[in-house]
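Just below is one structure, and these are the notes that go with it.
The chains referred to below are lettered A, B, ... by the order of the sequence lines, with proteins before strands, and numbering in each begins at 1.
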Protein chains: 2
Amino acid sequence: MLLSSIDTVVMIGSGNVATHFSKAIINAGIKIIQIYSKHPESARQLSTETGAEFVSSAQELSAHASLYILAVNDNAIEKVASEIKTEKKLVVHTSGSVPADVLKIASPHYGVIYPLQTFSMNSAILWKEIPMFIEASSPELEKLLIHFALLFSEKVYPLASEKRKYLHLAAVFANNFVNYLYAVSYHIVSKQQLPFDYVKPLIIETAKRVTENYPTDLQTGPAKRADIKIIIEHMDMLAQNK
Amino acid sequence: MLLSSIDTVVMIGSGNVATHFSKAIINAGIKIIQIYSKHPESARQLSTETGAEFVSSAQELSAHASLYILAVNDNAIEKVASEIKTEKKLVVHTSGSVPADVLKIASPHYGVIYPLQTFSMNSAILWKEIPMFIEASSPELEKLLIHFALLFSEKVYPLASEKRKYLHLAAVFANNFVNYLYAVSYHIVSKQQLPFDYVKPLIIETAKRVTENYPTDLQTGPAKRADIKIIIEHMDMLAQNK
C-alpha cells in the first residue's frame, strides 16, 4: 500500500524550518508541488525559490503529493492536521515536542521527521551533520522516512515521541536558554561600550570544549567556587548596568 | 627605572591559568625561575614541565625575576600580594574582577594581564586568538606589559579595572552559566539513555551563529513565542526527570 519512495512533497508552513527544509528537499532532487501557508509574504518568497505553487487554503491542497510535511508552530500542528484530508497519503510534522499521533486525524500513515538544529532565516545549514529523528505509524513507513531523511543527513535515528520530547527539552537548554545568556552577555559589554567581539572566542571555546568533555567537569566560575563576595558584587553591577 | 623587557618570571599559583600561562611563557622563550604555590601536587607537576624551581613559602621567593605573575584565586590575590615583598619588581595578576591596585602592597609597579578565556587542565589553548587585557600602574609599564602579552596573543588591549570587571561579568554569563546549561542538557538526555552527541551539533551551531548575528535576533524557543502550554509541560518533565 505504501509508496516505495518519496518523490513529491507538499510543504505546509513557510517559517524557518519550512524554508530551510524546502531548499534541502529541492537540492536533493525532490519536487515540492505546493507551499501551503497562512503567511503570504514568506510563502511567496519560498514559492519563488522552490518553484512550488503557493496556496493559502486547505481546499486548494493537492491530493497528489507522496509526502505532506507540517513545518508549522507546535500549537498549530493539530489544527492544520484537522484541515488536511490526505486519507491514504503520508503526513509528517517536524516538531520535537508534539507526539506523532496528533496527525492521526489527517491520515492513518503519519510520522515525524525532527531535525535537531536551530534554523534562522539568513544562515546556511550543513544538513549532513544535523541529527534527524524519525518516528512513524508503521515499521514500513519508518523505513521509508529514514530513507528520505538520509538524503539530507548522515545522522538519522528512529526515536519515539516519549524520548523525542526530552531531546527537545535538552535542546531548549542548549540553544534557547544559552542564546539568552549570550544576549545578556552582549548587553553587559554593550552598556560599557566594549565590543562583543571580546567575548566571542570564549563563547566558541566554551561550546567546543563540551563536545569533548563532560560539562560538569568543565564548570568554573564564582558560583562553582562559592565566591559569595564576587557574586554579590556581580549582582550589584547587574542592577546598575541595566 | 623600569626594565626594557621581561626575560624571567616567577609564577605564583599552579591552577589552570597558572599552568597554561606558564607553558605559553616557556614556549615564548622566557624563563620561569620559580613556581610558588600552596598546592604541592600541581606545583611539582608544573615545576617538572617548565624546569622552574617549586617553592611553597613566600620566604623562598627569588628577588631576581623581572615579572611576578599572581595566577591565584581572586580572593587569594590580596593576601598573596601582602606576602611578597618585591619592592622594585613588577607584579601582575590575571584576574578579570580584581582591581589592579590591590597589588600596591607588593610593589609600586603593578598591573594586570587578563586573558579572557576558559582554561581547563586537559585542553590545548590557542593563545594567539585569546583576547588579553592589560592594565598598569604607569604608561611605561603598560607598554612593557602589552609588549609581553603580544608574545602570546594577537589581540591585546589596554583596559581599566572598572571596565574589565564588566567584561568578566559578561564572561560569567557566556561561559560559566552557559556551561551550567550544557550540564542540565546533558543530564536531561542521560536520564533518558540518549547520547549527548545528539545535542552537540546544536551547541556548536548556537555558538557559531552568535559570532555573526546579534543574540537577540537569533532567539527562538517556547519562551520567545510565549508558548505557555509547552513551557508548563517542560516544567513537569524536569520535575519528573531528576
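- With a 4.5 angstrom heavy-atom cutoff, A/L159 touches chain B only via side-chain atoms.
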Inset, instruction - Begin with the C-alpha distance, continue with both residues' side-chain angles, and end with the deciding distance and a verdict on side chain to side chain contact (heavy atoms under 4.5 Å, CB included) for B/E142 and B/E135. - result: CA-CA 6 Å; B/E142 183 184 287; B/E135 185 175 8; over 6 Å; no
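- Electrostatic pairing of B/E212 and B/K208 does not count as a salt bridge here, judged by no charged N lying under 4.0 Å from a carboxylate O.
- Considering only heavy-atom pairs separated by less than 4.5 Å from chain B, the leading option among A/A207, A/A171, A/A223 is A/A207.
- Side-chain contact of B/E83 with B/Y36: a donor-acceptor pair under 3.5 Å is present, judged by distance alone.
- Contacts of A/L218 with chain B are made by both backbone and side-chain atoms, with heavy-atom separations under 4.5 Å.
- The two residues A/A28 and A/L151 make their nearest non-hydrogen contact at CB-CB, 4.3 Å.
- Contact count against chain B (heavy-atom pairs under 4.5 Å) is highest for A/Q117 among A/Q117, A/R225, A/K165, A/E233.
- Using a 4.5 Å cut-off between heavy atoms, B/E129 contacts chain A through its backbone alone, with no side-chain atom that close.
- Proximity of a side-chain donor or acceptor of A/S161 to a complementary backbone N or O of A/A100 within less than 3.5 Å is detected.
- Residue B/L169 touches chain A through both its backbone and its side chain, counting heavy-atom pairs closer than 4.5 Å.
- Contact record, A/D197 with A/P201: O-CD, 3.2 Å, taken as the closest heavy-atom pair.
- Note on ring orientation: taking the six-membered ring where Trp is involved, the planes of B/F133 and B/Y114 are tilted (angle from 30° to 60°).
- The backbone N or O of A/K79 sits less than 3.5 Å from a side-chain atom of A/S82, completing a donor-acceptor pair.
- When the candidates A/M237, A/E205, A/E162 are compared by the number of heavy-atom contacts under 4.5 Å with chain B, A/M237 comes out ahead.
- Of the two parts of B/D217, neither the backbone nor the side chain holds a non-hydrogen atom closer than 4.5 Å to a non-hydrogen atom of chain A.
- Within the 4.5 angstrom heavy-atom criterion, only side-chain atoms of B/L194, from C-beta onward, approach chain A.
- Top candidate by heavy-atom pairs under 4.5 Å with chain B, chosen from A/I203, A/V189, A/N75, A/I230, is A/I203.
- For chain A, the option among B/V178, B/I188, B/N179 with the highest count of heavy-atom pairs below 4.5 Å is B/N179.
- Your options are B/T216, B/V199, B/T220, and the one with the most heavy-atom pairs under 4.5 Å with chain A is B/T220.
- Within the 4.5 angstrom heavy-atom criterion, atoms from both the backbone and the side chain of A/V210 approach chain B.
- Only the side chain of B/K155 comes within less than 4.5 Å of a heavy atom in chain A; its backbone stays farther off.
- Of the possible polar contacts, none joining the B/S153 side chain to the B/V156 backbone as a donor-acceptor pair under 3.5 Å is found.
- Using a 4.5 Å cut-off between heavy atoms, A/K229 does not touch chain B at all.
- Of the atoms belonging to B/V172, it is side-chain heavy atoms, and not backbone ones, that fall under 4.5 Å from chain A.
- Side-chain atoms of B/S97 and B/D74 form a donor-acceptor pair, as typed in the model, at a separation below 3.5 Å.
- Note: A/H168 and B/H234 have tilted aromatic rings, judged against thresholds of 30 and 60 degrees for the angle between ring planes.
- When A/P131, A/S185, A/G221 are compared by the number of non-hydrogen pairs under 4.5 Å with chain B, A/S185 comes out ahead.
- Interface remark: B/I125 contributes side-chain atoms only to the contact with chain A (heavy atom separation under 4.5 Å).
- Side-chain atoms of B/Q192 and B/N241 form a donor-acceptor pair, as typed in the model, at a separation below 3.5 Å.
- Using a 4.5 Å cut-off between heavy atoms, B/Y166 contacts chain A through both its backbone and its side chain.
- Ranked by heavy-atom pairs shorter than 4.5 Å toward chain A, the options B/K163, B/R209, B/H187 are led by B/R209.
- Remark: the A/Q45 side chain and the A/E41 side chain contain no N/O donor-acceptor pair separated by less than 3.5 Å.
- Ring geometry for B/F148 versus B/F21: interplanar angle of 30 to 60°, hence tilted.
- At a 4.5 Å heavy-atom cutoff, B/L126 makes no contact with chain A through either its backbone or its side chain.
- Per-residue counts of heavy-atom pairs under 4.5 Å with chain B were compared for A/Y157, A/Y186, A/F177, A/Y198; the largest is that of A/Y198.
- Of the listed residues B/N73, B/L238, B/N176, the one with more heavy-atom pairs under 4.5 angstrom with chain A than any other is B/N176.
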